[in-house]
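Naming: A, B, ... by sequence-line order, numbering from 1 per chain.
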2 protein chains.
Amino acid sequence: MIAVSEKNAPSTKNCPHNAAINCASCRLSAICLPLALAQDEIVQLDEIVQRGRPLQKGQHLYREGDTFTSIYAVRSGSVKAYSVSDSGEEQVTGFYLPGEILGMDGIGHNRYASSAVAMEVAAICEIPFANIEDLSGKLPNMQKHFFKLLSQEIVEDQQHITLVSKHTAEERIASLLVSISARNARRNLSPLSFRLPMSRTDIGNFLGLTIETVSRVFSRFAKQGLLEIDKKEVTVLDIDTLKRVASLGH
Amino acid sequence: MIAVSEKNAPSTKNCPHNAAINCASCRLSAICLPLALAQDEIVQLDEIVQRGRPLQKGQHLYREGDTFTSIYAVRSGSVKAYSVSDSGEEQVTGFYLPGEILGMDGIGHNRYASSAVAMEVAAICEIPFANIEDLSGKLPNMQKHFFKLLSQEIVEDQQHITLVSKHTAEERIASLLVSISARNARRNLSPLSFRLPMSRTDIGNFLGLTIETVSRVFSRFAKQGLLEIDKKEVTVLDIDTLKRVASLGH
DNA sequence: CGTTCCCTTGAACAGGGTCAATCAGCGTGG
DNA sequence: CCACGCTGATTGACCCTGTTCAAGGGAACG
């Protein structure tokens, strides 16, 4: 039932010494799905998680319209989700970093509402949704956690609506940078020096801006001494001002 | 346990002849919560629904930051949800018509992420979330339905992001009109002649436009013969063109 | 009957889009 | 090895959509 693609684990799935081969020992457990579960519950979650699905850059995890089967957790690398409207225009709906869950937009209509593609080499955990439903019926913690996850995504999407409908280009970009910085911090990475996994085009699409505007704002921020940016490599020099700009009234 | 505020129902809550006092006989049941439930399951849902909470225009159902306790279904009238950011700006996050569910943004952090206020006299069903979690643990249909509800709201929010970040003023307003028209049709009301329950200010805020632009676009649509509009009363004259404008590539 | 709220309309302005040119990296193939 | 084309990013000049500012109308309500 478990599709583990590891060679160096002749023992079994629950050996806590084999890092990253089960949830309990995964260094992301504190920010990923196991977050709300008790030890013995994590073991049950572990039973249904399918690991070892390394995607190359540009490979799709699923495509809009595919039958919904599973949700996914990013273990390493990064993933972009996007949907294409009837009229052919693309909308980037989210960037997913390690420890983050995607695919939940497929629950509603049994088909994914977006496509998910690796922005760089990425390891992914797959969790079949039927098993999650099953487990949620048995473990109240699991059910509660999933309700929360879904609800939080709603709140985040609504904040994003505010961002793109009421804020200036500078505020939107500052906001994205602050978000990525904070998410890096959660994973104990540097919040001030990191690599943007996505292209300018993706950033612009996500924020409702053109690529030119994105480029101009980055240049302006650099000129103002808020950050240094070389292609995708970012060094934040003045996080406070950046945060202030990100949450500017209007 | 049930807070029914009816006087003409001396019998009991499950009498199917007493319209609108239980879910099974409510004329909205086909589009509201009972939608996915079997007859005997609706009875169980009915047990936890609290009815008779008529709100006057301007009265709040809950406020941003309040402890999350319940989700709500609109029985009649209409409700607007909005949130206020740190910086004090308001964002209308949704309009809710009869048969629609609101309050689910509170699940994630045990506090409502938005405020909900009646845009006109409105009857509301309250469903304590603890009971829903309970029922969801027992009825797989209920759990599934709730996962779906939450997921669908995510998808709708993401479509709204596309709307406000990539579409013109005319497209946004056409889109809102088509949406309201369709939701009216679902309730067997006229899709071509209806009253907008919300103000121009609310429409503009919801769509990321100023009140002036909203007004101008309405005038333009009227001049083009797409609709007639007198204050809040709308008569759609050319729904096809309106739909075409609403889903215009960009 | 005056005040207020909501809406409409006009005129001027500006933020970001569009179009275009340039450049840097990078893999390919001659 | 270098020429070539391709993709992604940067920068400039101009323009357009929607905002801002301002004025005025009309319905509701005390």
A:Asp230 atom CG is separated from C:dG25 atom C1', nearest whole Å, by 11 Å
Tell me if the side-chain of B:Arg172 makes a donor-acceptor pair with the base of D:dG18, cut-off 3.5 Å, by modelled atom types. no
From NZ of A:Lys232 over to P of C:dG25, roughly how many Å is that when rounded to an integer? 15 Å
Decide yes or no, distance alone: a donor-acceptor N/O pair under 3.5 angstrom between the base of C:dG15 and the side-chain of A:Arg216. no
Name the residue from B:Leu102, B:Asp105, B:Val92 that meets the side chain to side chain contact (heavy atoms under 4.5 Å, CB included) definition with B:Ser114. B:Asp105
Check this for me: does the side-chain of A:Arg220 come within 3.5 Å of the base of D:dT10 through a donor and an acceptor? no
Side chain of A:Leu209, heavy atoms from C-beta onward: which of D:dG18, C:dG10, C:dG16 has the nearest atom to it? C:dG16
Considering only heavy atoms from C-beta outward, does the side chain of A:Ile154 approach that of B:Asp157 to under 4.5 Å? yes
Could you give the CD-to-P distance, from A:Glu233 to D:dG8, as a whole number of Å? 18 Å
Look at the side chain of A:Glu212 and decide which nucleotide, out of C:dC7, C:dA20, D:dT20, has an atom nearest to it. C:dA20
What nucleotide, of D:dA9, C:dC7, C:dG17, holds the atom closest to the side chain of B:Ser215? C:dC7
In this structure, how many angstroms lie between the P atom of C:dG17 and the NZ atom of B:Lys166, rounded? 10 Å
Checking all strands, does B:Gly204 fall into the base, sugar-phosphate, or nothing category for heavy-atom contacts under 4.0 angstrom? nothing
Does A:Lys80 qualify as a cation-pi partner of A:Tyr82, given the criterion of NZ or CZ under 6.0 Å from the six-membered ring centre and within 45 degrees of its axis? yes
Any side-chain N or O of A:Thr213 below 4.0 angstrom from OP1/OP2 of C:dG17? yes
Return the nearest nucleotide to the side chain of A:Ser219; candidates are C:dG16, C:dC7, D:dT10. D:dT10
Between C1' on D:dT19 and CG on B:Asn205, what's the gap in Å once rounded to a whole number? 15 Å
For A:His167 and D:dT19, what is the distance between atoms NE2 and P respectively, to the nearest whole Å? 15 Å
Can you confirm whether or not the ring centre of B:Phe68 sits under 6.0 Å from the ring centre of B:His109? no
Could you check, using the six-membered ring where one of them is a Trp, whether B:Tyr62 and B:Tyr72 have ring centers closer than 6.0 angstrom? yes
Length of the line joining B:Ile211:CD1 and C:dT8:C1', which is rounded to integer Å: 9 Å
When you check the phosphate oxygens OP1 and OP2 of C:dT8, does a side-chain N or O of B:Arg200 lie under 4.0 Å from one of them? yes
Round to a whole Å and report the spacing from CD1 of B:Ile173 to P of C:dC7. 12 Å
So, is A:Thr210 near the phosphate of C:dT18, with a side-chain N or O under 4.0 Å from OP1 or OP2? no
